[in-house]
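Everything numeric in this text was worked out from a predicted model, so none of it was measured. Here is how names work: the chains are called A, B, and so on, in the same order as the sequence lines, proteins then strands, and each is numbered from 1.
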Protein chains: 2
Amino acid sequence: MTNSPTTKKPRKETSSRDAELTKGRILDAAEDEFAKAGLLGARTEAIAANTKVTKAMIYYYFEDKEKLYQAVLERAFARRVSAIQKLDLAGTPPAQALRLVVESFLDEVSQHPNLSAILFYEAMQNKGRFYKDIAIATLYEPIENIIARGIEVGAFRQVDPRHSAVNIMGACVFYFCARENVKHLWEPGTDLLSPEMVKQHVTEAADFVLAGLRK
Amino acid sequence: MTNSPTTKKPRKETSSRDAELTKGRILDAAEDEFAKAGLLGARTEAIAANTKVTKAMIYYYFEDKEKLYQAVLERAFARRVSAIQKLDLAGTPPAQALRLVVESFLDEVSQHPNLSAILFYEAMQNKGRFYKDIAIATLYEPIENIIARGIEVGAFRQVDPRHSAVNIMGACVFYFCARENVKHLWEPGTDLLSPEMVKQHVTEAADFVLAGLRK
DNA sequence: ATATTAACTAACTGGATAGTTAATTATCCG
DNA sequence: CGGATAATTAACTATCCAGTTAGTTAATAT
């Protein structure tokens, strides 16, 4: 399933000693570990344990823990940004466009909740130093633009697009990041990441955001 | 300033070898450190360094790092809860009551941003295990109740009070917790904790929340 | 004044952890 | 086939860090 028989990869199909596969495995395991503990708290031993290779491979492919972290961050961030950038919002009226963005954003977040955790750790532990300033804007600008357009057109209230974009993000991702705390508000055993709960959050959040901006 | 001359504390006024003062200093330093790194990442050496006593005192007054963490969490949480509980909202109409709660909540958060960071770490690192289930509800129930009342009275949309309360929290605290990431959206050097920026966030957030619920 | 105890310190211990190194094995290519 | 090289490992090192211990100093009570 990893490679189709027609592709002519430099290495063989039958796994074992496949550099790309190993690198991918390391990135996957690292993403989980960084989401659990952040750059500071992540244990390279723990990452290696979820790989089929030894810890030394981390240093063979990625110079050190920090470089590995950067690679994880870039890969996950690119995935999230592209989820929004592939939307065609050109002719769409602001309210409809914003709803679309919020819904597909939340869809991506629920499928890859790791990144949201990593980004929080990034802010709190690393003071955001692993961001190239360009990156964060990539995520917020589309939202700011829709809001600005909505105000111009008279569909949205007179808000500050930047503050609003940040607050919208908060309303969207808090549910996922703080889920282990707020789960205590529901019946014991409720899984906040279950399809039904996520679906309810998406509708509640999207409605809340749209209502919060409409005139 | 610590003790008035009339109080008859067991220890003297002129500091040095004052148990309560030392315990307080440790709690303060620990709060800063736990906010920076969470329970896992916090270094007892770093905490001690911001105290005028040695590391061993941490273990003398608080059995271990975990117990110290619990003490910090309880103290900071009590402060936050009381900020909301001291409001008298009995006769206040829902919209007005919610605005009051949001504004005084954000006031407390901006004065003590440490707790918001600690609570995020708590969710992500510790899976919320240091919460007595009672605690989290103390913070969310007042908001849920106002929302429920607002729906009954016909002032608010038909939302799920619980989901809405969570999303409101997100819109309120994300700005503070993610500030080191989202600061890149503003001019370099902008301090998101400056009085002006905080004031703008409070108005934007409160307006956003109220608009998001109104019918 | 001195015995008692509370507050405090310096120096240590054992275990964990990031990163290294030298040797080993699989794969490829001529 | 056999030499070259890429992928991989086991075992090691140096450092960091939570928690301990044995002993010291300051305040208080008698």
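Side-chain N/O atoms of B:Arg17 include none lying less than 4.0 angstrom from OP1 or OP2 on D:dA26. A close approach under 4.0 Å does not occur between any side-chain nitrogen or oxygen of B:Thr54 and OP1 or OP2 of C:dA10. Contact annotation: A:Arg43 does not reach the phosphate of C:dA16 (side-chain N/O to OP1 or OP2, under 4.0 Å). In this model, the phosphate group of D:dA7 is not approached by any side-chain N or O of A:Thr22 to a distance below 4.0 Å at OP1 or OP2. OP1 or OP2 of C:dT21 has not a single side-chain nitrogen or oxygen of A:Tyr59 nearer than 4.0 Å.
Side chains of B:Tyr69 and B:Glu122: a donor-acceptor N/O pair is present below 3.5 angstrom, by distance only.
Between the OH atom of B:Tyr60 and the P atom of C:dT9 there is a distance of 12 Å, rounded to whole Å. Here C:dA18 presents its C1' atom at 12 Å from CZ of A:Phe34, a figure rounded to the nearest Å. As a whole-Å value, the separation of A:Met57 CE from D:dA6 P is 12 Å. Computed from coordinates, the A:Asp18 CG to C:dC28 C1' distance equals 14 Å when rounded to whole Å. Rounded to an integer number of Å, the gap from B:Glu45 CD to D:dT20 C1' is 13 Å. As a whole-Å value, the separation of A:Ile47 CD1 from C:dG19 P is 11 Å. With rounding to whole Å, B:Leu40 atom CG is found 12 Å from D:dC17 atom C1'. Atom pair B:Ile58:CD1 and C:dA7:P shows a separation of 16 Å (rounding to whole Å applied).
Proximity of A:Met169 to A:Tyr140: side-chain heavy atoms (C-beta onward) are separated by under 4.5 Å at one or more points.
With respect to A:Arg99 and A:Asp207, a salt bridge is recorded, a charged nitrogen being found less than 4.0 Å from a carboxylate O. The residues A:Glu196 and A:Lys199 are annotated as not salt-bridged, no charged nitrogen and carboxylate oxygen being separated by less than 4.0 angstrom.
The aromatic rings of A:His201 and A:Tyr175 sit parallel, their planes meeting at an angle under 30°, below the 60° perpendicular limit.
When each of A:Lys55 and A:Tyr61 is assigned the nucleotide of DNA chain D with its nearest heavy atom, A:Tyr61 is the one assigned upstream, toward the 5' end.
Counting any heavy atom pair closer than 4.0 Å across all strands shown, B:Lys52 reaches sugar-phosphate atoms only and no base atom. When heavy atoms are screened at a 4.0 angstrom cut-off, B:Ala42 is found touching the sugar-phosphate backbone but no base atom.
The side chain of B:Lys65 has D:dG19 as its nearest neighbour among D:dT8, D:dG19, C:dT21.
Scanning residues 117-125 of chain A for heavy-atom distances under 4.0 Å to DNA chain C yields an empty list.
Here the rule is salt bridge (charged side-chain N to carboxylate O under 4.0 Å, His left out) with A:Glu31, and of A:Arg25, A:Lys36, A:Arg79 only A:Arg79 fits it.
Here B:Phe120 and A:Tyr121 keep their ring centres 6.0 angstrom or further from each other.
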